[in-house]
Amino acid sequence: MKKMIKKVIAPVLVIAVLFAVLRPFCIQDGKCNYFLMLLLMGIPFGIGKMCVWMVPRGFDLGGTLAVWTMNLLIGGLIGSIILLAMVGQAIIYLCVFLITVLAGIHKIPRIK
């Protein structure tokens, strides 16, 4: 059960909270821009996985903001891939868990 909480419930709760918080920022013309949503939701997952940060040195304010924006965009792209992989892993783990439970229920009547 501990593995189930770690691999399925916690990631799904984090994704649901991020979706609820970031959805108002992604509304354009009354519709949700899901690519922007995926990019914004990926930032918390991708920033920690970035191996190289571009550090702005010798730039003015506009150049510094551009470098930091590019860091966030790259982190969002990396994080969106990680986010999709986490969702896929949660789905696979949930399916395996359900198959295991159903197989165990199926074997119960045979025990004497």
Side-chain angles (χ1 to χ4, degrees):
M1 194 62 184
K2 193 176 199 181
K3 205 173 189 183
M4 177 78 161
I5 291 172
K6 183 179 177 184
K7 293 200 179 240
V8 177
I9 296 172
V12 169
L13 284 176
V14 169
I15 291 168
V17 168
L18 280 173
F19 183 81
V21 169
L22 295 173
R23 189 170 190 278
F25 297 112
C26 299
I27 302 294
Q28 296 173 346
D29 298 329
K31 294 183 180 180
C32 187
N33 184 352
Y34 289 107
F35 179 72
L36 180 61
M37 173 73 77
L38 185 63
L39 190 66
L40 289 176
M41 287 176 65
I43 290 174
F45 297 103
I47 291 293
K49 303 289 185 202
M50 287 178 60
C51 296
V52 177
W53 274 80
M54 289 181 274
V55 179
R57 291 188 185 161
F59 290 111
D60 58 346
L61 180 62
T64 302
L65 288 176
V67 170
W68 282 109
T69 302
M70 194 161 64
N71 281 335
L72 289 176
L73 284 173
I74 293 170
L77 288 173
I78 293 170
S80 63
I81 294 169
I82 293 169
L83 180 75
L84 293 174
M86 285 175 57
V87 168
Q89 180 183 7
I91 290 171
I92 290 171
Y93 191 79
L94 188 62
C95 289
V96 169
F97 178 75
L98 291 175
I99 289 170
T100 305
V101 168
L102 291 175
I105 290 172
H106 179 67
K107 291 182 180 181
I108 287 175
R110 293 185 196 172
I111 300 173
K112 292 183 181 184

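Fair warning: this is a prediction, and the values are worked out from it, not measured in the lab.
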Engineer: Report yes if the side chains of I91 and V8 come closer than 4.5 Å at any heavy-atom pair, otherwise no.
Structural biologist: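 Not in contact.
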
Engineer: Do any pairs count as a side chain to side chain donor-acceptor pair (under 3.5 Å) and have a residue in residues 5-32, sequence neighbours left out, and if so which ones?
Structural biologist: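 Checked against side chain to side chain donor-acceptor pair (under 3.5 Å) - neighbours excluded - the pairs reaching residues 5-32 are Q28-N33.
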
Engineer: Decide whether L83 and I92 are clustered together by the hydrophobic rule: side chain heavy atoms of Ile, Leu, Val, Met, Phe, Trp, Tyr closer than 4.5 Å, transitively.
Structural biologist: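 No, L83 does not connect to I92 through the hydrophobic network.
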
Engineer: If you group Ile, Leu, Val, Met, Phe, Trp and Tyr whenever their side-chain heavy atoms sit less than 4.5 Å apart, what else falls in with L61?
Structural biologist: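 L61 shares its hydrophobic cluster with L65.
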
Engineer: Which pair of heavy atoms, one from C26 and one from L40, lies closest together, and at what distance?
Structural biologist: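 Scanning both residues, the minimum pair turns out to be SG-CD1, 3.7 Å.
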
Engineer: Closest approach of L94 and M4, non-hydrogen atoms and distance?
Structural biologist: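 Looking at all heavy atoms of both residues, the shortest contact is CD1-CE, 3.4 Å.
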
Engineer: Could you list who else is in L77's hydrophobic cluster, with ILVMFWY side chains joined at under 4.5 Å, directly or through other members?
Structural biologist: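 Under the 4.5 Å side-chain rule, L77 groups with L39, L73.
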
Engineer: Using the side chain to side chain contact (heavy atoms under 4.5 Å, CB included) rule, take N71 and V67 through it: C-alpha gap first, then chi angles, then the decisive distance, then the call.
Structural biologist: CA-CA 6 Å; N71 281 335; V67 170; 4.2 Å; yes

Engineer: Just to verify, what does I74 make a side chain to side chain contact (heavy atoms under 4.5 Å, CB included) with, not counting sequence neighbours?
Structural biologist: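 If we apply the side chain to side chain contact (heavy atoms under 4.5 Å, CB included) test to I74, skipping adjacent residues, the hits are M50, M54, M70, I78.
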
Engineer: Could you note down all residue pairs passing ring-ring contact (aromatic ring centres under 6.0 Å, His included) where residues 15-48 supplies at least one of them, sequence neighbours left out?
Structural biologist: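 Pairs touching residues 15-48 that pass the test: none.
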
Engineer: For L102, which fellow cluster members are found when Ile, Leu, Val, Met, Phe, Trp and Tyr are connected by side-chain heavy-atom distances below 4.5 angstrom, either directly or through intermediates?
Structural biologist: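 Members alongside L102: none; it stands by itself.
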
Engineer: Less than 3.5 Å apart, which donor and acceptor atoms pair up between the side chains of residues 11-18 and the rest of the protein, not counting sequence neighbours?
Structural biologist:
none

Engineer: Return each pair, listed once, that meets ring-ring contact (aromatic ring centres under 6.0 Å, His included) where at least one residue sits in residues 55-88; pairs must be two or more places apart or across chains.
Structural biologist: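 Every pair satisfying ring-ring contact (aromatic ring centres under 6.0 Å, His included) with a residue in residues 55-88: W53-W68.
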
Engineer: Applying ring-ring contact (aromatic ring centres under 6.0 Å, His included), which residue pairs with at least one partner in residues 74-95 are found, sequence neighbours left out?
Structural biologist: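 Of all non-adjacent pairs touching residues 74-95, none passes ring-ring contact (aromatic ring centres under 6.0 Å, His included).
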
Engineer: Let me see the working for S80 and M41 under side chain to side chain contact (heavy atoms under 4.5 Å, CB included), right down to the final yes or no.
Structural biologist: CA-CA 7 Å; S80 63; M41 287 176 65; over 6 Å; no

Engineer: Can you tell me how far the CG atom of L36 sits from the CG atom of L22, to the nearest 0.5 Å?
Structural biologist: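 Separation between the atoms: 9.0 Å.
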
Engineer: Other than I81, which residues form its hydrophobic cluster under the rule that side-chain heavy atoms must be closer than 4.5 Å?
Structural biologist: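 Its cluster partners, ordered by chain and number, are none at all.
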
